[in-house]
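Reading through the structure tokens given below for one structure.
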Amino acid sequence: MPELPEVQTVVTSLRRRVVGARIGAVRLGRTDIVSPLGVDLAGFLVGRSIAAIDRRAKRIVFTLDDGNRFYVHLGMSGQLTVESPGAEVRKHTHLVIELEKREARSEGREGWELRFRDPRRFGGVFWLGREAENGELGPEPLTLRPQRLARLLAGTRRPIKSALLDQRLIAGLGNIYADEALFQAGVHPLTLSNRLSAERVSRLNRAIKLTLRRAIAARGSTLRDYVDADNSPGGYRVKHKVYGREGEACRKCRTVIRRIVLTGRSSCFCPNCQKRA
């Protein structure tokens, strides 16, 4: 599933192509990808311009020129790309938004298309209107201060890996970067969240930020489906220290990387660098 670095990369690559563009038409292949059900997405979008694109957690949030908003969640396999109108429309493309810039219209040139493709259909398009965020998401990890992280973790006895994946606790982390941040901080994934000392929480907070910033700089991790808005894959996968490296040697101490299953999710770690407290 695309996580914070991948979603941020998509947002960044979309901004230079899409912000300021006018929506000329909307083609919806499946109505069940839109929430709430029954929302007239085309009616709200056609004729409007895209004023801004931002990221909140793993959501790609679009703000229109009339102040209304919607977001796209990529789910497990979603792709949000900008294509030329003549490009082949790939299977499982559920939404096509035709875009045009003012200068393109005045010069008689074609615009381009924003396409949402989601083979496994775990993602979708969510209409927000002018409603404020409902508070279901936790704070952003890149701006989270260690004191607040300590308060959040002190309130749960869950293993730290499970806590980091809870979007109500911290928004944007997923399996890849939770594993990588825990390795960077030297914290075992089974360590109970409320047993971490202030010093270890501070170290974990720094590790989360460092890991995410490095991944964003490398344009995210492509494991299977992920590409940015220009159809370019990310390059961070080759830099993973533990994620997906079960049975391989730790890049730091050469101990064999282990994998356990925790609340239904795989967790990879180095048993030497991440000793259980």
Side-chain angles (χ1 to χ4, degrees), residues 1-82 93-99 113-118 120-145 148-149 151-152 155 163-174 212 229:
M1 176 182 292
E3 301 178 24
L4 187 155
E6 290 76 45
V7 175
Q8 184 60 57
T9 300
V10 172
V11 167
T12 301
S13 55
L14 279 174
R15 277 180 180 150
R16 59 187 175 82
R17 304 281 300 277
V18 170
V19 170
R22 179 183 177 276
I23 298 171
V26 173
R27 304 199 302 273
L28 189 61
R30 298 187 64 100
T31 58
D32 60 355
I33 69 162
V34 180
S35 182
L37 289 174
V39 165
D40 182 10
L41 189 67
F44 283 124
L45 296 186
V46 173
R48 303 257 57 101
S49 295
I50 298 174
I53 303 176
D54 300 287
R55 180 193 58 76
R56 175 67 173 113
K58 302 175 187 178
R59 301 172 175 179
I60 302 169
V61 183
F62 293 77
T63 301
L64 304 175
D65 59 351
D66 62 356
N68 282 312
R69 297 183 303 144
F70 69 95
Y71 72 85
V72 175
H73 196 293
L74 298 176
M76 295 289 291
S77 59
Q79 299 172 343
L80 193 61
T81 59
V82 178
T93 297
H94 306 310
L95 174 66
V96 177
I97 299 176
E98 297 180 13
L99 301 170
E113 296 178 347
L114 181 63
R115 298 179 182 177
F116 175 55
R117 179 176 179 266
D118 187 14
R120 299 177 69 181
R121 296 211 313 274
F122 283 97
V125 180
F126 300 80
W127 180 255
L128 296 172
R130 290 188 172 89
E131 293 183 9
E133 184 183 314
N134 60 14
E136 67 185 26
L137 294 172
E140 289 284 329
L142 286 171
T143 55
L144 182 60
R145 298 186 67 82
R148 187 174 184 188
L149 178 58
R151 290 196 298 270
L152 292 169
L164 292 180
L165 295 182
D166 185 349
Q167 300 300 294
R168 297 166 299 178
L169 197 76
I170 304 172
L173 282 178
L212 292 176

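Only heavy atoms go into these numbers, but all of them, side chains included; no hydrogens, no water, no symmetry mates. Keep in mind the model is a prediction, meaning the values are calculated, not measured.
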Partner residues of [X] under the salt bridge (Lys or Arg N to Asp or Glu O under 4.0 Å) criterion, sequence neighbours left out:
X    : value
R56  : E133, E140
R120 : none
D40  : none
R168 : D166

For this session: Can you sort out the partners of Q167 under side chain to side chain donor-acceptor pair (under 3.5 Å), two or more places apart, ordered by chain and number?
Result: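 Testing Q167 for side chain to side chain donor-acceptor pair (under 3.5 Å), a comparison that skips the adjacent residues, returns none.
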For this session: Could I get the full list of side chain to side chain donor-acceptor pair (under 3.5 Å) partners for R121, not counting sequence neighbours?
Result: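 Partners of R121 under the side chain to side chain donor-acceptor pair (under 3.5 Å) test: none.
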For [X], give me all partners under side-chain contact (heavy atoms from CB on, under 4.5 Å), at least two apart in sequence or on another chain.
X   : result
R17 : V82, D230
A25 : E98
T63 : A52, R69
F44 : V39, W127

Problem set entry | Basic-acidic side-chain contact under 4.0 Å: D54, R59 |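 The answer is no: the pair does not qualify as a salt bridge.
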For this session: Just grab all the ring-ring contact (aromatic ring centres under 6.0 Å, His included) pairs involving residues 13-34, residues at least two apart or on different chains.
Result: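 Residue pairs with at least one partner in residues 13-34: there are none.
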Problem set entry | CZ (R48) with more than 12 external heavy atoms under 6.0 Å |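 Yes - once you tally the heavy atoms of other residues, nucleotides and ligands closer than 6.0 Å, there are more than 12.
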Problem set entry | Residues forming a ring pair (Phe, Tyr, Trp, His ring centres under 6.0 Å) with F116, sequence neighbours excluded |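 For F116, no residue satisfies ring pair (Phe, Tyr, Trp, His ring centres under 6.0 Å) once neighbours in sequence are set aside.
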